[in-house]
Colleague: 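Handing you a structure now.
Just so you know, ligand 1 is whichever comes first in the structure, and atom 1 is the first atom listed for that ligand.
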Amino acid sequence: MQQQRSRALGGRPQQQLQRVPRCPLRSNIGQRIKPIVHAEHSDGKDSESAKLFGLIPLRAKGQNLDERIESGEFTDAGSTKEKLTRPLRQALAKEPVLGRPLARALADLGRHWRSEAAKRMPEARGDIREIVGQPVFVPLYKLFLMYGKIFRLSFGPKSFVIISDPSYAKQILLTNADKYSKGLLSEILDFVMGTGLIPADGEIWKARRRAVVPALHRKYVASMVGMFGDCTLHGTSTLDRAVSSGASIDMENYFSRLALDIIGKAVFNYDFDSLTHDDPVIQAVYTVLREAEHRSTAPLAYWNIPGVALVVPRQRRCQEALRIVNDCLDGLIDKCKKLVEEEDAEFNEEFLSDRDPSILHFLLASGDEISSKQLRDDLMTMLIAGHETTAAVLTWTLHVLSQHPEATEAIRREVDEVLGDRCPTVEDFRSLRFTTRVINEAMRLYPQPPVLIRRALQDDTFDQYLVPAGSDLFISVWNLHRSPKLWDEPDKFKPERFGPLDGPVPNEVTENFAYLPFGGGRRKCIGDQFALFEALVALAMLLRRYDFVVDATKPPVGMTTGATIHTTGGLYMHIKRRDMSGTAAAASRRQEVAAAPAYAFAFGAAPAGSPSSPATPPGAAASGCPFAAAAAAMMQQQPSAAAASAAGAAGASITVGGSTATLGGGVSLGPSVP
Ligand code: HEM
């Protein structure tokens, strides 16, 4: 696996850990978390995680953490009794007649105590207020370095089991998956997702998964790729305005809106068009999303107290937002039902309606017998699951790339060669291998969500540790993805770590559950392909057209979390049109753009110059992709003679930005997402 690979490449720096006596969660309220563990590479340089988490560099003592955990040192149990009785045992052993047998009995008892202690899970105790207000995965990482791959985190009577080991994660997600439910997550998300796929368990989950998964079949995903390109182009009007004004824009906000526009069309054929305007439905969606995040991080479920929904303004706003979103969904369900009744199309496994290729239409046309409430829960689940996650992936990928210009250039070379100015199709996925690896690596560094939540329905054991039924478990994907035991230089951006580009796209299977970008086992994300294509299309098309330059006047980008990892204050970037005068694409484009096939805005291809198909959602931009030029004979670093002479002949100076100006009305991004 990756670890072995890295060893072959010269071995990972050994990370050694030293404990300082006091658990940070025991420190006084209001104090900043104190450094609890030292993490230092053997080459003497502090790891990036040490810097990231503010750990203080101390000299490592070289103890083996696993041995220390096994000794019961952290659990303060069992072995203490053995230690206390040791002097007595030694004294008894000196007396041959009665003393020795007694000493032997005491030694047996001591062994028993020690083995019982070894079975007791390491436990961190603290005050829950200590971790409120910071992304929860940050203290969990510190505790992981101190307590190891499994430990219990207790706050008064409440406790959670924190899992940071691939084989344990596999056990929970795959081998013993039927012993676990979504637990806390279902409770938190009930108000918005009801019994939608993410929070549902048991028979409801089985039935809904069986009904929804077929809707995301290959033909559907392939048809969506065209829409991803259209939406990305539609959004370039906003970026062009930022180019002209010179003002920086918050790319986190931008990606959030792009992903909302895409998921609205994909799931229920609704055009939010949030990239170019704001309306009450968009605001309502964000109010609901923020509430879900608020509830997932709040220490007290105060909203369950009767009457709170009427009294607390935040909760009143949430109720109102839910009403708006539900009304909108009910309207879309009714409209789609009518369409299905009118249609005379034969439904088969790969059913894809020309007029409405959305998941909602598939579910209704497939004759899936469900209540409107369940349908709404499913739609809402996919809206939320497919929106915030993809937006966060794009945000953090761009953030990482802003620190790695060489990777940005490598992506551009690949995109220039594979796509030129063309919008990507599903077939291009196989060729955009480096770009895909960059996204894979960004998802390792910034997993969305960083923690998976489960509740044990039955007792389960992890090596010697018993996790009793009823326990709440957090699988820390962040810890898995940044574990120094599993990854070479875990905090470094190294897209090459996943092996040769012609190898498989890394996932939980290829990395044996050390890498869980989309979860694993039977509850694995159903939108993984969809989401990867979406991120790939947006990244490829935007990086080809624009330079993104960090706005140095803004504070450094920090992390905060709800369901996904957000930035603390946005990802502000100055946008410039990329200078493509030296690329072969610029040369070929002039010759080929006129003859290029255009993309219908909504779904699938349309003949060049034709209006959008009837399926075009309201408000969608008319006509097709203005960049749809055939892939040119392009070169990577070394231009071919033919391409070079073509570039010279054509003047090689067409910039993509000039063309994008024809798209959309150039409306501003609107107010920040609340
Ligand atoms: C980059 C984007 C995405 C990421 C990182 C992501 C990640 C995940 C993860 C980690 C899970 C597993 C959760 C768990 O085990 O508790 C999951 C589940 C799920 N995802 Fe995604 N997802 C993404 C995009 C999407 C999209 C686009 C859709 C819908 C079109 C979607 C729909 C779902 C659903 C319905 C589930 C629940 C599956 C079940 O429990 O049976 N996701 N996702």
Colleague: Tell me the protein heavy atom at minimum distance from atom 39 (C) of ligand 1, and give that distance in Å.
Modeller: R209 NH1, 3.4 Å
Colleague: Can you confirm if the aromatic rings of F137 and H481 lie within a centre distance of less than 6.0 Å?
Modeller: no
Colleague: Is M443 close enough to touch ligand 1? Criterion: a residue heavy atom under 4.0 Å from a ligand atom.
Modeller: yes
Colleague: Mark the output for R208 as yes if a heavy-atom distance to ligand 1 is under 4.0 Å, and as no if none is.
Modeller: no
Colleague: Of the side chain and backbone of L197, name the one, both, or neither that has a heavy atom under 4.0 Å from an atom of ligand 1.
Modeller: both
Colleague: For R430, I'd like to know if atom CZ has over 12 heavy atoms of other residues, nucleotides or ligands within 6.0 Å.
Modeller: no
Colleague: Less than 6.0 angstrom from the centroid, inside 45 degrees of the normal: does R152 satisfy that with respect to the ring of F160?
Modeller: no
Colleague: For ligand 1, does P449 get within less than 4.0 Å through its side chain, its backbone, both, or neither, judged by non-hydrogen atoms?
Modeller: side chain
Colleague: Would K182 count as a contact residue for ligand 1, given that I'm defining contact as a non-hydrogen atom of the residue lying under 4.0 Å from a ligand atom?
Modeller: yes
Colleague: Assess R482 against Y446: is NZ or CZ under 6.0 Å from the centre of the six-membered ring, and within 45 degrees of the ring's axis?
Modeller: yes
Colleague: Can Y180 and D201 be counted as having a side-chain donor-acceptor contact under 3.5 angstrom?
Modeller: no
Colleague: Nearest to atom 17 (C) of ligand 1, what protein heavy atom do you find, and at what distance?
Modeller: C525 CB, 3.4 Å
Colleague: Between R544 and E414, is there a salt bridge with N-O shorter than 4.0 Å?
Modeller: no
